[in-house]
Amino acid sequence: MKKNLIITVLALIGFSYVNAQDSSTKRADKLFDRFEFVKSAEKYLELIEDGNETDYIIKRLSDSYYNIYDSKEAEKWYAKIIKNKDPEVIYRYSQMLKANGKYKESNKWMSSFSEMRPYDSRAIAFKNTPNYIDKIIGRGKKFNIQNIDINSEYSDFGSILKDKKIYFTSSRNTERKSYGWNDEPFLDIYSSTINEKGSFLEPNLLEELNSKFHEGILSFSSDGNTIYFTRESFYEKEFEKSEENKNKYGQSYIYKATKLKDKFNIIESLDINDPSYSNKNPMVSPDGKHLYFSSNRAGGFGMYDIYKASINDDGTLSDVENLGQNINSEGQEGFPFLSNDNVLYFSSDGHLGIGGLDVFYSRYIDGKWSNVRNVGIPVNSGADDFAFIIDEENVNGFVSSNRPGGVGKDDIYALKKIKPICDILLESTVVDSKTNNPIETALTSISDGTGVIENTKESNVDGLVAYILECGDEFNLVASKEGYETKSVSVKLTENDPPMLTIMLDPIEELIVDTKVELNNIYFDFDKFNITSKAAFELDKLVAVMNMYPEMKITVESHTDSRGTSSYNKGLSERRAKSTVQYVISKGINEDRLRAIGMGEEVSLFDCSKGCNEEQHSQNRRSEFIIE
């Protein structure tokens, strides 16, 4: 079952070429607008077979297959209209290629999407890490997974354990009418007892929770007396009716069922529900204080975001809070699960993954969610992988997936951890190099240059800052504070806990030596004059010095190596000096305080008349900063 079906009718049917509609498509369009994608695909295909192969019909056919996750057919038909350069078509095409294991071609089209939508978070993440799939697979497997015998030929997903029972959502009830999206019966909640041998007994309908509408994805309070679950808003007779096609469009609502005499008979809709948006995938935190859920309410970052709300003593909810942009993307995030060790697992199609929905995780530290990490293979596949849970010992759990080789359209898989998710707490203390006193509110950042590791924090009153990272991570840790020289430290983590890292910041006046501002060498690439990222890092120190001493004036002397003619090198050094001055001016320093002089090859550190190695040539290409 395609991820978008889960619990509700989602308006994720793609962009339509409305102007291309005509009377011949009316019947197929009606099915499409009612989210009956199996039947709409059949009708659009009939039109094409009759010779009516317009871009509009192909787009609708492609979207029909996309919404029921028929990745092979969706890929086939999107390929026919990729020439139209619709960014969302290109994005969906790349996702279907990826789902079908065509990673190289998928990356090609993701590059095209990134050029068309450069500020889209999905494009930014891809551009930062174009070879991310190799990285995810290269980390190896941390779980074994196995299809369980409770699965049917229909959709089974969203399992949770409570009191030696497994509760899950299924469309196996053939006595129910079929739902047009995927032509399966409506979803119900089931339970199955787990016997002493670990086998699942015959599943039973959880009668008190099920209605004639969709129900699913539930979570228990810690005492087991309250269930939170999802149900369609049609149950409340709350929906919107389209004036155009007369279809009724409902939302997903979260309900609370309270136990009375061993039955969950007291059922009420939560006050966070609203006819204008959906709430779904509820999950109670281990301490019982918060309810995590997914919603497409206004003000989010993408299609569906993960939120949390406080559960008050009287059972009401308050303080609904979006988990922020580290967790939520421009795509869909859902199926949150908070483990006993406070790791948040969730599924997303907006973060970098190897399939449609992938399972990710993050930790909450210092009031901020850490950068999300992909759980990796085999939990994640080229298909949709979602509804990840793990037991109190963080060893055994379940995940749902529509990967090939399953029993039904969605299956539940048992998982067992075979290798810890190797998280490391890196603690650093920022101190004054002269006094050894801690520096409060020093700005620190970590980056691996690809976007996979990217985070910023301030040190506390003790100069302490902490990041959650993963074994094998390599990155730069940068610390800065007004009045101090910025420091950068290269770090590579192993499986052993690292020692406390001390970063000593030198007061900015330490950079002033006699009549010069002494920076680390600012090197230029051979025959180039543009400012590199390493050069910018050093020049920012000069900016700090000049801000501290507002009367200071600087002459920038730029030097070249001796390769090339003297006249050419003279001109090159002048261009380098000017680009250096321009960078400093761009940071707010008045141009009257700066002068650029190109020295060419006149004053070399190494005499290369009889030859120099590349390192010596590199050191001859330098800049010096003279205090006037």
Side-chain angles (χ1 to χ4, degrees), residues 1-6 8-100 102 105 109 153-155 171 174 176-187 214 241-250 356 382-384 402 404 406 408-410:
M1 180 187 65
K2 181 73 178 89
K3 56 184 175 285
N4 297 349
L5 163 62
I6 298 161
T8 188
V9 178
L10 305 181
L12 301 177
I13 56 178
F15 297 92
S16 302
Y17 298 162
V18 177
N19 293 335
Q21 285 180 282
D22 58 43
S23 58
S24 67
T25 67
K26 187 173 182 179
R27 187 175 179 189
D29 289 339
K30 185 175 181 180
L31 292 167
F32 187 93
D33 292 340
R34 290 169 57 184
F35 310 112
E36 297 186 21
F37 297 118
V38 173
K39 293 177 181 177
S40 69
E42 293 173 356
K43 294 302 177 185
Y44 289 125
L45 200 55
E46 287 177 8
L47 290 170
I48 290 172
E49 290 171 348
D50 289 340
N52 194 4
E53 190 171 320
T54 66
D55 285 351
Y56 172 81
I57 292 174
I58 295 173
K59 173 65 166 57
R60 283 276 176 137
L61 176 62
S62 304
D63 287 341
S64 296
Y65 286 131
Y66 180 87
N67 285 316
I68 57 175
Y69 205 70
D70 189 335
S71 58
K72 288 184 170 56
E73 288 298 316
E75 175 199 331
K76 170 185 171 181
W77 291 101
Y78 278 136
K80 292 179 179 291
I81 54 171
I82 207 74
K83 63 182 184 296
N84 294 328
K85 297 184 178 180
D86 180 331
E88 283 302 321
V89 167
I90 290 174
Y91 178 77
R92 290 186 172 198
Y93 181 55
S94 74
Q95 297 308 294
M96 294 299 94
L97 288 166
K98 183 169 65 173
N100 295 330
K102 300 176 182 178
E105 196 172 351
W109 288 104
E153 63 182 289
Y154 297 95
S155 293
S171 62
T174 55
R176 302 262 265 131
K177 67 177 183 179
S178 293
Y179 179 53
W181 187 302
N182 63 347
D183 217 21
E184 287 193 338
F186 274 61
L187 298 166
H214 285 303
K241 189 172 182 179
S242 170
E243 293 297 327
E244 182 180 349
N245 56 31
K246 307 304 179 184
N247 288 334
K248 296 177 181 178
Y249 298 97
D384 286 325
N402 61 359
K409 292 189 176 179
D410 283 317

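FYI, side chains are in, hydrogens and waters are out, and symmetry mates aren't considered; it's all heavy atoms of this structure.
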Could you go through the salt bridge (Lys or Arg N to Asp or Glu O under 4.0 Å) check for K409 and D384 one step at a time? CA-CA 11 Å; K409 292 189 176 179; D384 286 325; over 6 Å; no
Does a side-chain heavy-atom distance below 4.5 Å link T25 with R60? no
A side-chain contact here means heavy atoms from C-beta on lying under 4.5 Å apart; do K59 and D63 qualify? yes
Pair L97, Y78 - check side-chain contact (heavy atoms from CB on, under 4.5 Å), show working. CA-CA 10 Å; L97 288 166; Y78 278 136; over 6 Å; no
Could you check whether any side-chain heavy atom of D86 comes within less than 4.5 Å of a side-chain heavy atom of I81, counting everything from C-beta outward? no
Any side-chain heavy-atom pair from Y44 and D29 closer than 4.5 angstrom? yes
Describe, in one word, how the ring planes of H214 and F186 are oriented to each other, choosing from parallel (under 30°), tilted (30 to 60°) and perpendicular (over 60°). parallel
Does the side chain of V89 reach to within under 4.5 Å of the side chain of N84, using non-hydrogen atoms? no
Neighbour count >12 (heavy atoms, 6.0 Å) for atom NZ, K72: no
Give the intermediate values and the outcome of side-chain contact (heavy atoms from CB on, under 4.5 Å) for residues L47 and K43. CA-CA 6 Å; L47 290 170; K43 294 302 177 185; 5.8 Å; no
Kindly compute the distance separating OH (Y66) from CG (L61), expressed to the nearest 0.5 Å. 15.0 Å
Check this for me, if you would: do K76 and D70 make a salt bridge, where the nitrogen-to-carboxylate-oxygen distance has to be below 4.0 angstrom? no
Counterpart residues, salt bridge (Lys or Arg N to Asp or Glu O under 4.0 Å), relative to E53 (two or more places apart): none
Under the side-chain contact (heavy atoms from CB on, under 4.5 Å) criterion, do Y93 and E105 qualify, and how do the steps go? CA-CA 10 Å; Y93 181 55; E105 196 172 351; 3.6 Å; yes
